[in-house]
Amino acid sequence: MAIVIFIGMAVTVFLTSLLSGIFGMAGGLILLWVLLFLFPVGTAIAIHGVIQMVSNGSRAWFSRAYIDYKILGILGIGLIISSIILLIVDYQPNIVVVSIAIGLMPILVWLPVSKLQLDASKPSHALVCGLIAGALTVGVGVSGPTIDIFFIRTMMDRRKVIATKAAVQVASHATKVVFYWNAASVLPAADWISILLAAPIAILGARAGNGILQRMTDANFRSWTRWIVTGVGAVYFTQGLLKLI
């Protein structure tokens with residue numbers, strides 16, 4: 001089982017990290033979708049967190065010169081507050097809720113956010129973004145589309161957007177790994193070893209994606225991001241509805 005998991009995870013991690021390296025999201029959504037087929041919800045979210053920490057961490061490192069640490073710090077405060085609240089209420093994830101919630105997230109990237117004037121570079125907006133992202137990343141495992149609406153209409157160029165979002169995601173994924181530590185501990189040691197060995201492959205995917213990103217225009221970057229995330233969300237939403245039947 002460990003060998004099968006390693007091979008499957010290695011391929012999946014590379015392809016999803018490549019996608020995330022280009023668009024800053026989508027890859028993580030697809031990776032979690034695969035993991036939910038293989039493991040219980042809490043365990044899948046924890047594994048997703050470990051792999052995405054490597055993927056986002058490498059992407060943030062490759063683009064470290066573009067990270068906005070002020071935004072990162074304020075967002076981090078929001079992440080912590082949301083996580084503490086969910087811990088206090090003893091939140092437990094459910095596959096139907098997770099699938100439908102993630103399926104609805106792409107609606108956010110189609111909102112007329114220019115009219116809402118959301119801007120992660122503003123401290124108050126960054127804090128709200130952190131609160132929402134923290135609730136979602138722990139509650140359903142991902143928060144990328146939510147974070148995106150606070151960045152996609154800013155005056156930041158695509159490299160600064162990708163770098164700062166990657167750094168924020170490292171913090172959010174670390175938070176959910178801690179939150180679901182007990183669920184993760186039930187996974188056999190051999191399977192964890194296979195997953196940890198496959199995780200560094202995310203660096204190769206992130207580097208390849210970063211190279212493609214540098215050759216894209218800002219307009220193409222924003223347009224493709226919306227359509228890819230919408231397609232993935234549709235799959236999640238359909239899956240959630242089918243589980244209700």
Side-chain angles (χ1 to χ4, degrees), residues 17-29 49 52-83 105 108-109 111-138 142-178 202-203 205-226 228-229:
S17 295
L18 173 68
L19 194 59
S20 287
I22 302 171
F23 300 106
M25 63 171 70
L29 294 173
Q52 288 298 92
M53 282 175 62
V54 176
S55 176
N56 285 281
S58 62
R59 192 161 67 250
W61 175 256
F62 295 145
S63 304
R64 61 190 179 281
Y66 297 99
I67 295 175
D68 189 316
Y69 289 97
K70 179 181 178 181
I71 294 177
L72 176 61
I74 297 174
L75 270 161
I77 294 174
L79 289 171
I80 293 172
I81 293 174
S82 291
S83 300
M105 278 187 191
L108 299 174
V109 301
L111 291 176
V113 290
S114 58
K115 295 182 179 180
L116 297 176
Q117 299 182 338
L118 299 177
D119 187 346
S121 63
K122 297 179 180 179
S124 59
H125 290 206
L127 180 61
V128 171
C129 180
L131 289 168
I132 297 173
L136 289 174
T137 198
V138 172
V142 295
S143 59
T146 304
I147 294 175
D148 190 62
I149 66 172
F150 284 85
F151 281 89
I152 201 167
R153 298 296 184 184
T154 66
M155 298 304 293
M156 301 161 65
D157 73 19
R158 65 191 182 284
R159 290 160 296 193
K160 194 169 185 179
V161 169
I162 288 293
T164 306
K165 282 171 56 181
V168 170
Q169 292 285 32
V170 171
S172 64
H173 289 307
T175 301
K176 73 185 186 187
V177 169
V178 174
I203 298 175
R207 178 180 288 277
N210 185 260
I212 296 174
L213 171 67
Q214 302 306 317
R215 295 191 290 273
M216 291 184 69
T217 64
D218 284 346
N220 285 337
F221 165 72
R222 299 180 194 283
S223 177
W224 276 101
T225 296
R226 287 183 173 185
I228 291 174
V229 172

Can you check whether [Y]'s main-chain N or O pairs, donor with acceptor, with [X]'s side chain at less than 3.5 Å?
X: His173; Y: Met53; answer: no
X: Thr164; Y: Asp68; answer: yes
X: Ser83; Y: Leu79; answer: yes

Going from [atom1] on [X] to [atom2] on [Y], what distance comes out if it is rounded to the nearest 0.5 angstrom?
X: Ser172; Y: Ile80; atom1: OG; atom2: CD1; answer: 12.0 Å
X: Ile67; Y: Ile162; atom1: CD1; atom2: CD1; answer: 12.0 Å
X: Leu131; Y: Leu127; atom1: CG; atom2: CG; answer: 4.5 Å
X: Gln169; Y: Leu75; atom1: CD; atom2: CG; answer: 10.0 Å
X: Phe151; Y: Asp119; atom1: CZ; atom2: CG; answer: 9.0 Å
X: Lys176; Y: Thr137; atom1: NZ; atom2: OG1; answer: 4.5 Å

Find out whether Lys70 and Pro123 are in side-chain contact, i.e. whether some heavy atom of one side chain is under 4.5 Å from a heavy atom of the other.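 When only atoms from C-beta onward are counted, Pro123 and Lys70 do touch, with a gap below 4.5 Å.
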Would you mind reporting whether Phe150 and Val128 have side-chain heavy atoms less than 4.5 Å apart? yes
I need the minimum non-hydrogen distance between [X] and [Y], along with the two atoms involved.
X: Tyr66; Y: Lys160; answer: O-CG, 3.1 Å
X: Ala120; Y: Ala126; answer: O-CB, 3.4 Å
X: Leu136; Y: Ser143; answer: CB-CB, 4.0 Å
X: Gly134; Y: Ser82; answer: C-CB, 3.7 Å
X: Ala163; Y: Ala60; answer: O-CB, 4.3 Å

